[in-house]
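Data block below; observations after.
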Amino acid sequence: MKKCGKLAAGVLVAAMLLSGCGQAAVPEVIVEPTLVIDSDGRVTAYLVGEFDKSYYDLSELTAMAREEAAEFSDTSQDGTVPVTVKSVEAAQDGSSRIVLAYQFDSTDSYKGFIGNELFYGTVEDALSKGYIQDVILQSVKSEATLVRETLEEQKEKHLIITDAAAVIYCPERVTYLSAGAVMKEDGSVDASKAPGIVYILLRK
């Protein structure tokens, strides 16, 4: 299974150089790398990168993105469609960038296609899969903290773990964050400047 489509990889590199109700809310205008995670584990990834019109037009980019998504989907063992292209559009901020949006049927499909780490599930599930190492989480509302031992007590709550340098829209309210992640006014989490893995503990 390939790590990342060539077109997606190019957009990701350009982006790095420039750098509670079931379905996460997302703004109408996307201008920075963004992940939207729904409560059923589906993921929408918005990749943002420079668009050189001397090489491609949007229709060509769209065709390339759809071809790579189809090639990846052809590797599916159960006949599902793990990734589709939602849209390829010029960024609506007056820049020369494009926003390429992919929809994934699971976090595993996202990892397989894009290559970034991404987990969404209960703390108990994260523990069983070895995702939780030594970590300190800070409450978004107080000075309270959680370490691994106290996080283990939150077994039924949901957790997002990722190394994606993106703004993350979560399916539930955020309660605790690891170092480097920043809570935004709209309820999303800015992980674009966080060093390494980001942990996001949700209310449920």
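What you are looking at is a predicted structure, and each value in this text was computed from that prediction instead of being measured.
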Quiz item: Do Thr150 and Thr145 have side-chain heavy atoms sitting under 4.5 Å apart?
Solution: no
Quiz item: Looking only at atom types and distance, does a side-chain atom of Gln133 sit under 3.5 Å from a main-chain N or O of Gly130, one as donor and one as acceptor?
Solution: yes
Quiz item: Does the side chain of Ser73 come within less than 4.5 Å of Val83's, by heavy atoms?
Solution: yes
Practice problem: For residues Pro33 and Val167, determine if any side-chain heavy atom of one lies less than 4.5 Å from a side-chain heavy atom of the other. | Solution: no
Quiz item: Are Val81 and Val85 in one and the same hydrophobic cluster, where Ile, Leu, Val, Met, Phe, Trp and Tyr link if side-chain heavy atoms are under 4.5 Å apart?
Solution: no
Exercise. Starting from the C-alpha separation in whole Å, work towards a yes-or-no answer on side-chain contact (heavy atoms from CB on, under 4.5 Å) for Leu159 and Ile132.
Key: CA-CA 10 Å; Leu159 186 68; Ile132 301 179; 3.8 Å; yes
Practice problem: Indicate yes or no: at least one non-hydrogen side-chain atom of Leu202 is less than 4.5 angstrom from one of Arg173. | Solution: no
Self-check item: Residue Lys155 excluded, over 12 heavy atoms near NZ under 6.0 Å
Solution: no
Practice problem: Just say parallel, tilted or perpendicular for the rings of Phe113 and Phe72, cut-offs at 30° and 60°. | Solution: perpendicular
Exercise. Run the numbers on Thr80 and Asp105 for side-chain contact (heavy atoms from CB on, under 4.5 Å), then give the verdict.
Key: CA-CA 9 Å; Thr80 61; Asp105 65 350; 4.0 Å; yes
Would you be so kind as to tabulate the donor-acceptor pairs closer than 3.5 Å made by side chains of residues 175-182, with sequence neighbours excluded?
residue: Thr175; atom: OG1; partner: Leu201; partner atom: O; Å: 3.0
residue: Ser178; atom: OG; partner: Tyr199; partner atom: N; Å: 2.8

Quiz item: Okay, side chain of Ser142, backbone of Ala144: is any donor-acceptor separation there less than 3.5 Å?
Solution: yes
Quiz item: Hey, are Glu32 and Lys193 close enough for a salt bridge, meaning a charged N less than 4.0 Å from a carboxylate O?
Solution: no
Quiz item: With a 4.5 Å limit on heavy-atom distance, are the side chains of Val36 and Tyr46 in contact?
Solution: yes
Exercise. Could you check Asp57 against Ser59 for side chain to side chain donor-acceptor pair (under 3.5 Å), going step by step and ending with a plain yes or no?
Key: CA-CA 6 Å; Asp57 60 28; Ser59 61; 2.7 Å; yes
Quiz item: Atom NZ in Lys111, atom CZ in Phe104: separation rounded to 0.5 Å?
Solution: 13.0 Å
Quiz item: Between atom CG of Leu100 and atom CG of Leu58, what is the distance when rounded to the nearest 0.5 Å?
Solution: 10.5 Å
Quiz prompt | Pairwise distance CD(Glu124) to CD(Gln154) - rounded to 0.5 angstrom | solution = 12.5 Å
Practice problem: Can you measure from CD (Glu117) to OG1 (Thr107) and round to the nearest 0.5 angstrom? | Solution: 8.5 Å
Quiz item: Does Leu137 share a hydrophobic cluster with Leu127, counting links as ILVMFWY side-chain heavy atoms below 4.5 Å and allowing steps through other members?
Solution: yes
Self-check item: Joint cluster assignment, Tyr102 & Val31, ILVMFWY side-chain distance < 4.5 Å
Solution: no
Self-check item: Close side-chain approach of Leu151 and Val123, heavy atoms under 4.5 Å
Solution: yes
Quiz prompt | Full working for side-chain contact (heavy atoms from CB on, under 4.5 Å) between Val147 and Val135 | solution = CA-CA 6 Å; Val147 295; Val135 62; over 6 Å; no
Quiz item: Which word best sums up how the rings of Tyr120 and His158 line up, parallel for under 30°, tilted for 30 to 60°, or perpendicular for over 60°?
Solution: parallel
Quiz item: Does the side chain of Tyr169 pick up a donor-acceptor pair with the side chain of Asp186 at under 3.5 Å?
Solution: yes
Exercise. Before giving the answer on side-chain contact (heavy atoms from CB on, under 4.5 Å), spell out for Ile160 and Leu118 the whole-Å C-alpha distance, their side-chain angles and the decisive distance to 0.1 Å.
Key: CA-CA 7 Å; Ile160 294 171; Leu118 182 60; 4.2 Å; yes
Quiz item: Is it the case that one hydrophobic cluster holds both Ile200 and Phe119, taking links as side-chain heavy atoms less than 4.5 Å apart, direct or via other members?
Solution: no
Quiz prompt | Heavy-atom closest pair, residues Lys157 and Arg203 | solution = CE-O, 3.7 Å
Quiz item: So, do Ile168 and Ile37 sit near enough that their side-chain heavy atoms are less than 4.5 Å apart?
Solution: yes
Quiz item: Would you call Arg42 and Asp40 a salt bridge, taking side-chain N to carboxylate O under 4.0 Å as the test?
Solution: yes
Quiz prompt | Separation of Asn116 CG from Leu35 CG (nearest 0.5 Å) | solution = 7.5 Å
Practice problem: Starting at CD1 of Ile114, measure out to OG of Ser109 and round the result to the nearest 0.5 Å. | Solution: 11.0 Å
